[in-house]
Amino acid sequence: MSTNVAVIRFPGTNCEFDVVEVVQHLGASAEIVFHDEPSLGNADAVVVAGGFAHGDYLRPGAIARFSPVMDAVAAFAQEGGPVVGICNGFQVLTEAHLLPGALQKNAGLKFRCGFTDLRVESSNSVLTSAVTPGDILSIPINHFEGNYTCSLETLAELQSEDRILFRYVTNPNGSMDDIAGICNEGRNVVGLMPHPERACHDLLGSHDGINLMQSLLNAAGLSSVQGPS
Amino acid sequence: MIFEVVVEVRLRAGIADPQGATIERALPALGFVGVNGVSVGKSIRFTVQAEDEAAAHELVTDLCHRFLTNPVIEDSEISLQVAETSAN
């Protein structure tokens with residue numbers, strides 16, 4: 001039985017195939033699940049992929065949050081299933097209240113697109129078990145609304161509970177405390193603005209994302225996998 | 001009764017407003033001096049059918065909280081007025 005990853009697609013999602021490619025490269029199977037599906041099938045993990053769900057109308061993630069599939073994602077997360085939201089997927093997870101805080105427009109109003117250095121802050125999550133705190137990963141970002149913000153109380157919680165998983169070495173968007181990615185209390189729901197799925201082969205300029213995707217598959221229960229090529 | 005509703009969505013105090021700041025920075029180059037405190041928000045208009053104004057206000061408040069704004073970063077201000085005699 002191969003581990004199966006459900007990759008959520010809303011109208012406007014555009015990173016789902018990148019995620020599928022990496023998951024398959026790592027020896028697991030992936031299935032794209034459309035936003036109006038009420039079920040995730042036999043998923044062992046969920047990736048809410050990046051893009052511009054529902055055109056980012058109103059706010060990024062605001063409309064996607066009400067999709068039927070999000071009830072299934074919330075139930076899956078509630079049961080402890082691994083869920084990762086990448087970029088727009090992170091925005092969707094905050095709007096769905098599966099993660100705290102919000103992503104506002106980048107400081108300086110610049111759309112940021114390019115490789116960025118991330119410092120791993122915690123290996124205690126479904127996305128970071130195969131990396132080590134202090135590791136610097138080169139992972140691309142591609143966003144206009146990646147400026148993480150939350151209340152000071154929430155920030156204190158994230159800090160004291162070791163729930164800030166990644167910080168930018170050089171903050172590209174004004175995010176609070178240089179936050180690039182966080183997890184929920186159960187450490188099974190992760191959101192990050194950078195795109196690990198786009199950094200999984202040297203041809204793409206970096207393979208630093210592979211250990212993150214591998215962590216997710218490990219969490220999903222994959223026992224033996226191929227290493228990166 | 002039918003009510004015409006305007007919801008003004010604005011960023012909460014203390015939340016950075018890069019759009020407002022960018023507009024403000026551009027003004028001197030255009031010769032506008034003395035214009036300060038620019039902030040950018042959204043205005044959302046619709047109609048609502050409800051028993052009375054209190055019921056309409058309650059419905060719109062709920063709508064604002066759950067959908068039209070993200071309370072982490074945004075506040076809203078609701079204006080309601082009875083639509084021209086369409087009561088039924």
Side-chain angles (χ1 to χ4, degrees), chain A residues 53-67 70-71 74 88 90-112 143-158 171-179 182 184 191, chain B residues 3-30 32 35-50 56-80:
Chain A
H54 294 274
D56 277 356
Y57 291 162
L58 191 59
R59 298 179 304 281
I63 297 172
R65 173 203 161 190
F66 292 100
S67 304
M70 287 309 296
D71 288 337
N88 191 223
F90 186 11
Q91 296 162 339
V92 172
L93 294 181
T94 60
E95 285 283 344
H97 306 304
L98 292 174
L99 289 170
L103 284 310
Q104 58 167 331
K105 287 185 176 60
N106 295 345
L109 276 187
K110 281 198 170 62
F111 189 100
R112 303 305 302 251
H143 61 244
F144 186 54
E145 276 118 340
N147 180 352
Y148 183 81
T149 189
C150 61
S151 69
L152 292 176
E153 295 77 35
T154 300
L155 180 64
E157 269 177 37
L158 293 174
N171 193 328
N173 55 28
S175 73
M176 200 177 252
D177 199 20
D178 301 329
I179 288 174
I182 59 169
N184 69 343
Chain B
F3 296 88
E4 290 174 350
V5 184
V6 181
V7 174
E8 290 271 353
V9 181
R10 47 181 80 122
L11 291 168
R12 293 181 62 173
I15 296 292
D17 179 3
Q19 289 185 104
T22 302
I23 291 170
E24 194 164 322
R25 271 203 309 276
L27 292 172
L30 297 171
F32 292 101
V35 183
N36 298 299
V38 178
S39 70
V40 175
K42 282 180 262 196
S43 126
I44 303 169
R45 290 156 196 272
F46 51 94
T47 63
V48 148
Q49 191 156 11
H57 203 275
E58 190 182 332
L59 185 152
V60 175
T61 301
D62 188 34
L63 174 58
C64 284
H65 194 73
R66 288 168 56 197
F67 185 39
L68 296 183
T69 71
N70 181 334
V72 177
I73 53 173
E74 293 169 329
D75 281 329
S76 58
E77 191 176 309
I78 298 165
S79 311
L80 279 175

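Numbered from 1 within each chain, the chains take letters A, B, ... in sequence-line order.
Atoms CD1 and CG, on B:Ile44 and A:Leu58 in that order, are 5.5 Å from each other to the nearest 0.5 Å.
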Could you pull out every donor-acceptor pair under 3.5 Å between chain A and chain B?
residue : atom : partner : partner atom : Å
A:Leu58 : O    : B:Lys42 : NZ           : 2.5
A:Arg59 : NH1  : B:Phe67 : O            : 3.0
A:Arg59 : NH1  : B:Leu68 : O            : 3.0
A:Arg59 : NH2  : B:Phe67 : O            : 3.0
A:Arg65 : NH1  : B:Arg66 : O            : 2.8
A:Glu95 : OE2  : B:Asn70 : ND2          : 3.1

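Not counting sequence neighbours, the partners of A:Phe66 by the side chain to side chain contact (heavy atoms under 4.5 Å, CB included) test are B:Phe67.
Looking at every heavy atom in both residues, A:Gly108 comes nearest to B:Pro18 through N-CB, 4.1 Å.
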